[in-house]
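In what follows, a single structure is set out as structure tokens and then discussed.
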Amino acid sequence: MSLSADDVRKVAELARLELGEAELATMAPQLNAIVDYVNQLQAVNTDNVEPLAHAVEFHDVFRADVPSVSLEPAAALANAPARDGDFYRVPAVFGD
Amino acid sequence: MIDLTATELLKRQSDGDLTAEAIASSCLTRIRDHDPHIRAFLAVDEAHVMEQARAIDAKRKRGDVLGKLAGIPIALKDVLCVKGQTTTAGSKILRNFVPPYDAHVISRLREADAILLGKTNMDEFAMGSSTENSAFQVTRNPWDLERTPGGSSGGSAAAVAASFAPLALGTDTGGSVRQPASLCGVVGLKPSYGRVSRYGLIAYGSSLDQIGPFTRDVRDVAILLAVIAGHDARDSTCVNAPVPDYAGELDKPLKPLTIGVPREFFSEGLDREVETAVKEALKAYAGLGATIKEISLPHSPHAVAVYYLVATAEASSNLARYDGVHFGHRAASFRGLIDMVKKSRGEGFGAEVKRRIMLGTYALSSGYIDAYYLKALKVRRLIRADFDRAFAECDAIIGPTTPTAAFKIGEKTSDPLSMYLSDIYTISANLAGIPGISIPCGFTKAGLPIGLQIMAAPFAEERLLRIARMFENETDWHMRRPKM
């Protein structure tokens with residue numbers, strides 16, 4: 001299994017990452033080297049083995065459903081790159 | 001004063017021989033004199049440090065009850081949110097991020113009357129093993145300025161090694177506390193997964209990340225761990241289990257003691273001098289009455305491969321939040337929303353972060369998720385089962401923390417895979433969720449520190465620290481300091 005330059009472009013699109021041509025050129029061989037390395041796992045027999053997503057296997061941690069104080073709007077918005085009053089400002093989501 | 005442990009500094013203060021102000025001031029002087037060469041810190045707010053110290057002295061003078069770390073300065077990896085203080089995670093994308101709240105561990109440190117000394121350098125988003133991936137500066141190893149302190153918590157490890165602070169916090173996702181502790185000749189603990197709340201820790205790999213202490217000796221680990229460990233409802237993976245008095249029976253040797261030595265940790269790639277030092281340490285344990293047993297962790301050779309699928313998959317999801325909308329960098333010019341997100345991320349993230357987001361996205365993408373991500377999770381269970389089997393017959397597993405002593409700055413930056421392999425012995429503990437500690441166990445002929453890694457069963461920190469302390473009480477490796 002090897003990633004072509006097009007595959008790398010497609011993954012960058014999925015990851016919402018803009019990569020320059022120079023970055024794309026180094027990314028493909030580096031990712032391929034890592035993918036080659038991780039392919040060693042294909043040789044491990046994992047028949048009847050369940051995936052382990054978490055070392056401590058939690059199930060449904062509940063807390064009491066009581067209202068509590070949350071961040072003030074001013075504090076929540078203090079790091080906003082752009083804002084309009086108490087709202088985050090972003091470009092139009094639909095169309096131009 | 002700069003070489004004292006937190007335990008000694010606490011005693012000197014209660015004896016009236018030292019003030020918090022004098023301790024803080026000596027740390028700041030040391031940082032001013034030497035950090036321009038080491039570059040461990042990203043930010044130190046001197047006025048605020050002195051203000052905290054004077055407040056502790058005033059409390060003591062009034063006869064108020066003091067916290068368990070009263071007047072003790074602590075350096076903080078810049079991945080832990082401190083309310084009102086810039087917290088960057090070593091990334092340009094968070095260059096101007098000022099958290100509106102404290103991480104849980106920061107609240108605990110404040111309650112314990114510790115002095116928050118400053119924020120330390122790190123690999124961007126904790127992705128790296130040398131601290132060279134910081135967007136801001138390269139940190140140097142106090143033992144040899146041409147070498148890295150390890151990573152990703154390299155700034156915190158270097159700060160303790162250089163006697164800038166008696167205590168520091170780092171985070172460990174694949175070895176990022178233990179590996180730099182080993183390379184800098186200090187003590188570093190990764191607690192069991194779920195022992196310490198991750199609330200306010202900027203996430204990398206959520207099923208692997210744990211916050212852990214750097215100290216000069218095991219007793220200080222016991223004291224600091226007791227302060228930061230324990231339940232916090234704001235992290236649903238934080239286990240609601242009692243926190244033992246880790247310092248209580250610390251000096252009581254564990255008897256009988258069976259130590260497992262995994263043969264996979266002594267194979268190809270292990271430096272001769274490191275191997276010799278670790279074998280000497282095992283002899284010391286045998287001399288203390290321990291039974292040394294060769295064991296096998298048959299799936300451990302796959303740990304690095306599993307890690308680079310699991311951690312990157314989690315990272316690709318965690319780092320999706322950096323979209324230029326709510327906080328962090330937003331590109332100056334763009335065409336539409338999607339372009340804004342792509343450009344902001346493209347400009348804000350460094351090369352290693354991009355590489356890991358790409359790998360994780362690939363491992364999770366349609367058509368590959370079974371072959372990569374789910375396959376890795378299955379092998380992860382086999383790795384965990386290896387440990388379960390080992391701990392059924394051993395109290396601890398001991399081996400090297402890292403395959404080599406500190407490597408040179410720039411040595412591994414062009415070959416990501418060789419950098420990844422420097423975590424080969426530490427990564428499996430994160431995958432299995434078990435605690436691991438690195439303690440100094442010798443030096444190479446070139447004068448570089450060597451670390452001994454001790455691992456124990458989940459939530460067996462109390463025994464782990466006692467076992468580590470047994471070795472520390474017999475040796476003086478942890479007392480050595482770099483010439484600066």
Side-chain angles (χ1 to χ4, degrees), chain A residues 1 3 7-8 10-20 23 26-27 30-31 33-56 58 60-64 71-72 74-82 88-96, chain B residues 96-98 100-101 193-194 207 233 236-237 239 299 302 304-306 308-309 316 320 323-330 334 336-338 340-343 345-347 349 351 354-355 357-359 361-362 365 371-372 374-382 384 416-417 420 431-434 458:
Chain A
M1 178 59 63
L3 283 90
D7 293 334
V8 173
K10 191 183 145 209
V11 176
E13 184 65 31
L14 291 172
R16 297 285 186 262
L17 270 179
E18 186 171 273
L19 299 179
E23 282 179 301
T26 51
M27 189 72 81
Q30 284 174 339
L31 285 180
I34 300 167
V35 169
D36 279 348
Y37 179 78
V38 301
N39 274 332
Q40 63 175 274
L41 298 182
Q42 306 311 326
V44 183
N45 182 351
T46 53
D47 295 348
N48 304 314
V49 177
E50 285 295 309
L52 179 70
H54 253 265
V56 182
F58 294 101
D60 300 334
V61 177
F62 292 105
R63 62 167 169 77
L71 279 183
E72 293 292 327
L77 283 154
N79 285 290
Y88 293 100
R89 195 176 181 90
V90 290
V93 176
F94 300 107
D96 283 323
Chain B
N96 299 311
F97 175 62
V98 181
Y101 58 85
Y193 186 80
S207 81
S236 65
T237 65
V239 174
H299 296 92
H302 302 300
V304 173
V306 171
Y308 278 95
L309 291 166
S316 76
D323 55 5
V325 173
H326 299 95
F327 56 96
H329 174 74
R330 179 186 288 191
F334 46 81
L337 183 70
I338 300 294
M340 179 191 88
V341 174
K342 284 161 65 176
K343 282 209 166 67
R345 292 162 65 78
E347 292 170 8
F349 291 137
K354 288 177 182 170
R355 203 150 42 227
I357 290 174
M358 291 285 288
L359 185 62
T361 305
Y362 177 65
S365 64
Y372 290 113
L374 289 175
K375 183 76 183 184
L377 291 184
K378 289 176 183 174
V379 182
R380 182 181 187 180
R381 186 175 292 281
L382 295 174
R384 169 64 184 253
L417 195 56
Y420 297 175
L431 294 168
I434 64 172

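Note that these values count all heavy atoms, side chains included, but never hydrogens, waters or copies made by symmetry. Chain naming here is simple, since letters A, B, ... match the order of the sequence lines and numbering starts at 1 in each.
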Would you mind checking which part of A/E13 comes under 4.5 Å of any heavy atom in chain B, side chain (CB onward), backbone (N, CA, C, O), both or neither? side chain
Can you see which heavy atom on B/T237 is nearest to which on A/H54, and at what distance? CG2-CE1, 3.7 Å
Where do A/N39 and B/Y372 land on the side chain to side chain contact (heavy atoms under 4.5 Å, CB included) test, with the steps shown first? CA-CA 8 Å; A/N39 274 332; B/Y372 290 113; 3.2 Å; yes
Quick one: does any side-chain atom of B/R380 pair with a main-chain N or O of A/A53 as donor and acceptor, under 3.5 Å? yes
Measure A/A75 against the heavy atoms of chain B and call it side chain, backbone, both or neither at under 4.5 Å. both
Given heavy-atom pairs under 4.5 angstrom as the criterion, report whether the side chain, backbone, both or neither of A/D7 touches chain B. neither
Qualifying residue, where the test is side-chain contact (heavy atoms from CB on, under 4.5 Å) with B/M358 and the options are A/L31, A/I34, A/L3: A/L31
Can you say whether A/E50 sits under 4.5 Å from chain B via the side chain, the backbone, both, or neither, judging by heavy atoms? both
B/A432 versus chain A, the contacting section by heavy-atom distance below 4.5 Å: backbone
Pair count under 4.5 Å, heavy atoms only, with chain B: among A/V61, A/V49, A/T26, highest is A/V49
Contact part of A/L19 toward chain B, heavy-atom cut-off under 4.5 Å: side chain, backbone, both or neither? side chain
Which atoms of A/L71 are under 4.5 Å from chain B, going by heavy atoms: the side chain, the backbone, both sets, or neither? side chain
Most contact-rich option vs chain A, by heavy-atom pairs under 4.5 angstrom, among B/P416, B/A351, B/P458, is B/P416
Correct closest heavy-atom pair for A/A82 and B/R330 would be CB-NH1, 3.4 Å
Under 4.5 Å to a heavy atom of chain A? For B/L359 that would be both
Taken to the nearest 0.5 Å, the spacing of A/L52 CG from B/K378 NZ works out to 12.5 Å
Sub-3.5 Å donor-acceptor pair from the side chain of A/R63 to the main-chain atoms of B/S236, do we have one? no
Is it the side chain or the backbone of A/V38 that comes within 4.5 Å of chain B heavy atoms, both, or neither? both
Ignoring hydrogens and angles, tell me if any N or O in the side chain of A/R16 forms a donor-acceptor pair with the backbone of B/R345 under 3.5 Å. no
Over all heavy atoms of both residues, which pair between B/N96 and A/N79 is shortest? Give the atoms and the distance, please. O-OD1, 3.7 Å
Decide side chain to side chain contact (heavy atoms under 4.5 Å, CB included) for B/V304 and A/Q40; before the verdict, give the C-alpha distance in whole Å, the side-chain angles of both, and the deciding distance to 0.1 Å. CA-CA 10 Å; B/V304 173; A/Q40 63 175 274; over 6 Å; no
According to salt bridge (Lys or Arg N to Asp or Glu O under 4.0 Å), who are the partners of B/K343, at least two apart in sequence or on a separate chain? A/E18, B/D339
Under the salt bridge (Lys or Arg N to Asp or Glu O under 4.0 Å) test, residues paired with B/K375 that sit two or more places apart: none
How far apart are the C-alpha atoms of A/L41 and B/L309, what are their side-chain angles, what is the distance that settles it, and do they pass the side chain to side chain contact (heavy atoms under 4.5 Å, CB included) test? CA-CA 10 Å; A/L41 298 182; B/L309 291 166; 3.7 Å; yes
Answer yes or no: is there a donor N or O on one side and an acceptor on the other, between the side chain of B/R384 and the main chain of A/A55, under 3.5 Å? yes
When only pairs under 4.5 Å are counted, which of B/Y101, B/F327, B/Y420, B/F334 shares the most heavy-atom pairs with chain A? B/F327
In terms of heavy-atom pairs under 4.5 Å with chain B, the winner among A/A12, A/A33, A/G20 is A/A12
Can A/L17 and B/F349 be said to form a side chain to side chain contact (heavy atoms under 4.5 Å, CB included), step by step? CA-CA 9 Å; A/L17 270 179; B/F349 291 137; 3.8 Å; yes
